[in-house]
Student: 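I am attaching a structure below and will ask some questions about it afterwards.
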Amino acid sequence: MLLTRFFLPVLKENPKEAEIISHINMLRAGMIQQSASGIYSWLPLGKIVLEKISEICRQEMIKSGANEILMPTLQSAEIWKESGRYEDYGKEMLRIKDRNNRNLLYGPTNEELVTEIFRTHVKSYKQLPLNLFHIQWKFRDELRPRFGVMRGREFLMKDAYSFDIDYKSSIKSYNIMFIAYMQLFKKMGLKAIPMKADTGPIGGDLSHEFIIIADTGESEVYVERELLNFENSFQNINYDDDLQEEVNKFTSFYAATEEKHDAGNFDDKANTLIKTRGIEVGHIFHFGQKYSLPMKATISDKEGVNVPVFMGSYGVGLSRLVGAVIEANHDKHGIIWPKEITPWDYNIINLKIGDNDCDNICLNIYNLIKDNKIDVLYDDTDERTGAKLARADLIGLPYQIIIGPKGIKEQLYDLKCRKSGDISRLSYCELLNFIQTNK
RNA sequence: CGGGCCAUAGCGCAGCCUGGUAGCGCGUCCGUCUGGGGGGCGGGAGGUCACAGGUUCGAAUCCUGUUGGCCCGACCA
């Protein structure tokens, strides 16, 4: 991508509406623009990252055996009355009337809708287990939206819903999602910590939150040191296997958010409990027959008896993740994208546009990187060095290739690692070699 | 929903107390000199001072109301 052809409205100064680091950086890097409180437009840079995160999540869901569907943002109030939540949900639910005065709502979640889909088509235990997921915008009229996309009113979520014939097999489905979550966060280059959680208004008896550790995170968490260092051991996870043992590996550690923390529940003899901060980016619930019972989603079992189906729901806050990633990966100059979700891998910076040598070398490297199927952004704008370098740091691509007359004279080109800040001066060959071996 | 604060050019702000021709920095446009960390010089464009009403000869400024936004708290992916 040529920067002169890319819409990247960066801000030099901090917008006063933003307080936290991810919000400031997202506005400054031209990723989002606020439309109303807690509601944002996604500009090209933000959109690319949101898409990358969504795609990793989608692929892992598919791999785990889930089927992608797409449910609407607007829902009929009818099914919510069936489940009893139309009254329960309160002011967070945005209620709308259509021209015929029918009650609609902008979906804050989709248990009712997916249950309705399920019950009209699935009648037999032979069709189970089933997991349906979708990626869709939701709206919750929060008391106080804040922190940019981390706590918006409108937000993008991946929601999966599992359906099983009995308790035992529904736990299996829960475990699959548990492991899938560990996988997908890892594939985003993130360290997510599973914590036992409250089930809240969604209800149920088993639930875990997935928390990304970040100093600037919104909630305080207590974690055993070993869990922080514990690496996903599984390489090629087989979702057909019994995953209980894998899940136990994680749940055997102590980890709790401030609200759930109880020093009495953990004997910290070795003094390994760490108090840090984190951001909730995923939440999984097993809630059994809570919705299938009132909504009459029943299936016939082997004996021909109709039983309410056992369900679970599994959310990942995709738009929130964009902010969370930045909270976990930044410095005073701006964003530092993990390579897994970076909008581009390389940022070629031509310090003297219009200079034949600079232009030629840059274009040459640009095409070569593209030929290697690597994502590259070429800063071909005619601006001052300082402005270009500051902007490159702000948008945070993993590597910057800085080309200017000084380097050309010595036939050495600067390769800067955004994360470490280290700059190596490489010959053309060394640079190509680096690019090809770092795919 | 309780408490605090804000609204003046695209962005960041001053002006308001003490009413009298709307200002600064950045950005933007033109020219020029520059060229390895948000440059220099010269010139230009850009604002019904959130909205409505009131006081006044005269309101960005004083008064009343409304709307929008931010922060702290209780609540949540």
Side-chain angles (χ1 to χ4, degrees), chain A residues 9-20 23-24 27-28 30 33-39 57 89-93 107-110 135-160 181 192 197-202 207-212 218-219 257 259 278-285 313-324 332-334 349-355 358 381-394 400 402-410 412-414 416 421 423 425:
Chain A
V10 298
L11 270 28
K12 194 166 170 180
E13 288 171 276
N14 289 347
K16 71 168 181 183
E17 77 221 49
E19 200 82 351
I20 65 158
H23 193 192
I24 291 170
L27 288 167
R28 286 199 53 207
Q33 179 170 330
Q34 179 163 320
S35 160
S37 179
I39 302 176
C57 185
Y89 222 93
K91 287 188 171 175
E92 273 201 358
M93 181 188 276
T109 183
N110 294 272
I135 291 174
Q136 179 62 288
W137 292 91
K138 295 183 168 188
F139 191 91
R140 288 183 196 165
D141 204 354
E142 295 277 345
L143 286 174
R144 182 152 97 84
R146 61 185 126 170
F147 306 146
V149 299
M150 297 247 290
R151 183 69 171 281
R153 290 194 292 172
E154 189 183 46
F155 52 98
L156 186 65
M157 272 197 76
K158 185 284 302 176
D159 274 298
Y181 273 38
D198 266 328
T199 50
I202 294 176
S207 175
H208 284 90
E209 286 178 10
F210 292 78
I211 306 265
I212 285 181
E218 53 180 343
S219 44
T257 54
E259 308 83 60
I279 303 157
E280 182 184 353
V281 290
H283 204 155
I284 60 180
F285 302 87
S313 76
Y314 316 90
V316 173
L318 298 174
S319 48
R320 164 179 281 194
L321 263 166
V322 180
K332 64 178 176 177
H333 301 294
I349 303 165
N350 186 340
L351 293 183
K352 195 169 184 183
I353 201 82
D355 177 280
C358 287
T381 62
D382 185 11
E383 287 176 70
R384 306 281 306 182
T385 302
K388 288 184 166 222
L389 296 178
R391 178 175 52 206
D393 286 346
L394 175 63
Q400 297 167 14
I402 304 165
I403 309 284
K406 285 185 186 172
I408 295 219
K409 210 174 284 174
E410 303 165 47
L412 289 173
Y413 312 103
D414 291 355
K416 176 175 166 181
I423 298 177
R425 315 209 70 199

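Small disclaimer: the values here were computed from a predicted structure and weren't measured. Throughout, a chain's letter reflects where its sequence line sits, starting with A, and its residues are numbered from 1.
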Student: For the C1' atoms, the ones on B/G27 and on B/G68, what distance do you get once it is rounded to whole angstrom?
Tutor: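 Comparing C1' positions in B/G27 and B/G68 gives a spacing of 25 Å.
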
Student: Give a yes or no on whether the backbone of A/Asn350 and the side-chain of A/Lys388 come within a donor-acceptor separation of less than 3.5 Å.
Tutor: yes

Student: Identify which nucleotide among B/C1, B/C71, B/A77 has an atom closest to any side-chain atom of A/Glu19, counting heavy atoms from C-beta outward.
Tutor: B/C71

Student: Expressed as a whole number of angstroms, how long is the span from A/Ile20:CD1 to B/C70:P?
Tutor: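 The distance from CD1 of A/Ile20 to P of B/C70 comes to 12 Å, rounded to the nearest Å.
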
Student: Between A/Asp414 and A/Gln400, does any side-chain donor sit less than 3.5 Å from a side-chain acceptor?
Tutor: no

Student: Grab the CD-C1' distance between A/Glu209 and B/C75 for me, whole Å please.
Tutor: 13 Å

Student: Both distances under 3.5 Å, Watson-Crick or G-U wobble: report the partner of B/G31, or none.
Tutor: B/C41

Student: What is the distance, rounded to the nearest whole Å, between atom CD of A/Glu142 and atom P of B/C1?
Tutor: 15 Å

Student: Just the rounded figure in Å: distance from P of B/C26 to CG of A/Asn14.
Tutor: 17 Å

Student: When the C1' atoms of B/C29 and B/G46 are considered, how many whole Å apart are they?
Tutor: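 Rounded to whole Å, the distance is 10 Å.
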
Student: Determine the contact category for A/Glu13: base if any of its heavy atoms lies under 4.0 Å from a base atom, sugar-phosphate if only primed atoms, P, OP1 or OP2 are that close, otherwise nothing.
Tutor: base

Student: Give a yes/no on whether any side-chain N or O of A/Gln34 is located under 4.0 angstrom from OP1 or OP2 of B/C70.
Tutor: yes

Student: Both distances below 3.5 Å, Watson-Crick or wobble geometry, any strand: find the nucleotide opposite B/C24.
Tutor: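 Looking at the geometry, B/C24 pairs with B/G12.
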
Student: I need the CG-C1' distance between A/Leu321 and B/A77, as an integer number of Å.
Tutor: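 Those two atoms, CG and C1', are 9 Å apart.
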
Student: Please report the distance separating the P of B/A50 from the corresponding atom of B/G15, rounded so that it comes out in whole Å.
Tutor: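 Those two atoms are separated by 15 Å.
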
Student: Donor-acceptor pair, distance only, cut-off 3.5 Å: does the side chain of A/Arg320 make one with the backbone of A/Val281?
Tutor: no

Student: For B/G58, what is the paired nucleotide under Watson-Crick or G-U wobble rules, both distances under 3.5 Å?
Tutor: none

Student: Hey, is the side chain of A/Arg144 poking within less than 4.0 Å of OP1 or OP2 on B/A74, counting only N and O atoms?
Tutor: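 False: A/Arg144 side-chain N/O out of range (4.0 Å or more) of B/A74 OP1/OP2.
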
Student: Within this structure, what is the CG-to-P distance between A/Leu143 and B/C72, rounded to whole angstrom?
Tutor: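 From A/Leu143 CG to B/C72 P: 14 Å.
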
Student: If we ignore hydrogens and angles and just use 3.5 Å, is the side chain of A/Tyr181 paired with the main-chain N or O of A/Tyr314 as donor and acceptor?
Tutor: yes

Student: Give me the distance, rounded to whole Å, that separates B/C17 from B/C71 when you measure between the C1' atoms they each carry.
Tutor: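 26 Å, rounded to whole Å.
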
Student: If we call it a pair only when both distances are under 3.5 Å in a Watson-Crick or G-U wobble match, what pairs with B/C5?
Tutor: B/G69

Student: Can you work out whether A/Leu156 or A/Gly38 has the more 5'-proximal nearest nucleotide on RNA chain B?
Tutor: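 Nearest-nucleotide comparison on RNA chain B picks A/Gly38.
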
Student: Can you sort out the partners of A/Arg144 under salt bridge (charged side-chain N to carboxylate O under 4.0 Å, His left out), two or more places apart, ordered by chain and number?
Tutor: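 Testing A/Arg144 for salt bridge (charged side-chain N to carboxylate O under 4.0 Å, His left out), a comparison that skips the adjacent residues, returns none.
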
Student: Over all strands shown, is A/Ala36 touching base, sugar-phosphate only, or nothing at heavy-atom distances under 4.0 angstrom?
Tutor: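 Since only primed, P, OP1 and OP2 atoms lie under 4.0 Å of A/Ala36, the category is sugar-phosphate.
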
Student: Say you pick atom P in B/G37 and the same atom in B/C51; how far apart are they, in whole Å?
Tutor: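 Pairwise P distance, B/G37 against B/C51, rounds to 44 Å.
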
Student: Rounded to whole angstroms, how far apart are CZ on A/Arg151 and C1' on B/C70?
Tutor: 15 Å

Student: Considering only the C1' atoms, how many Å lie between B/C49 and B/C62, rounded to the nearest integer?
Tutor: 15 Å

Student: Between protein and nucleotides 30-45 of chain B, map the contacts as a letter string: B base, S sugar-phosphate only, - none, heavy atoms under 4.0 Å, written 5' to 3'.
Tutor: ----BBBBBB------

Student: Using the P atom on both, measure B/A59 against B/C1 and round to a whole Å.
Tutor: 35 Å

Student: Sequence neighbours excluded, which residues qualify as side-chain hydrogen bond (donor to acceptor under 3.5 Å, both in side chains) partners of A/Lys352?
Tutor: none

Student: Who passes side-chain hydrogen bond (donor to acceptor under 3.5 Å, both in side chains) against A/Thr381, sequence neighbours left out?
Tutor: A/Asp379, A/Glu383, A/Arg391

Student: Could you check which nucleotide pairs with B/G53 in any of the strands shown, counting Watson-Crick or G-U wobble with both distances under 3.5 Å?
Tutor: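 Matched B/G53 with B/C63 under the 3.5 Å cut-off.
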
Student: On RNA chain B, check which nucleotide each of A/Ser35 and A/Pro15 is closest to and give me the residue with the more 5' one.
Tutor: A/Pro15

Student: A/Arg28: what forms a salt bridge (charged side-chain N to carboxylate O under 4.0 Å, His left out) with it, not counting sequence neighbours?
Tutor: none

Student: Which listed nucleotide (B/A77, B/C1, B/C13) is nearest to the side chain of A/Arg140?
Tutor: B/A77

Student: Tell me every residue that passes side-chain hydrogen bond (donor to acceptor under 3.5 Å, both in side chains) with A/Asp355, counting only those two or more places apart in sequence or in another chain.
Tutor: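 So A/Asp355 forms no side-chain hydrogen bond (donor to acceptor under 3.5 Å, both in side chains) with any residue.
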
Student: Nearest whole Å is fine: how far is B/C70 C1' from A/Arg153 CZ?
Tutor: 14 Å

Student: Got a donor-acceptor contact below 3.5 angstrom from the A/Arg146 side chain to the A/Arg151 backbone?
Tutor: no

Student: Between B/C76, B/G69, B/A7, which nucleotide gets closest to the side-chain atoms of A/Arg320?
Tutor: B/C76

Student: Say we look at B/G47 and B/A22: how far apart would their P atoms be, to the nearest angstrom?
Tutor: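 Here B/G47 and B/A22 have their P atoms 14 Å from each other.
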
Student: What nucleic acid atoms does A/Gly152 come within less than 4.0 Å of, heavy atoms only: base, sugar-phosphate, or nothing?
Tutor: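 If one applies the 4.0 Å heavy-atom cut-off, A/Gly152 turns out to touch a base.
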
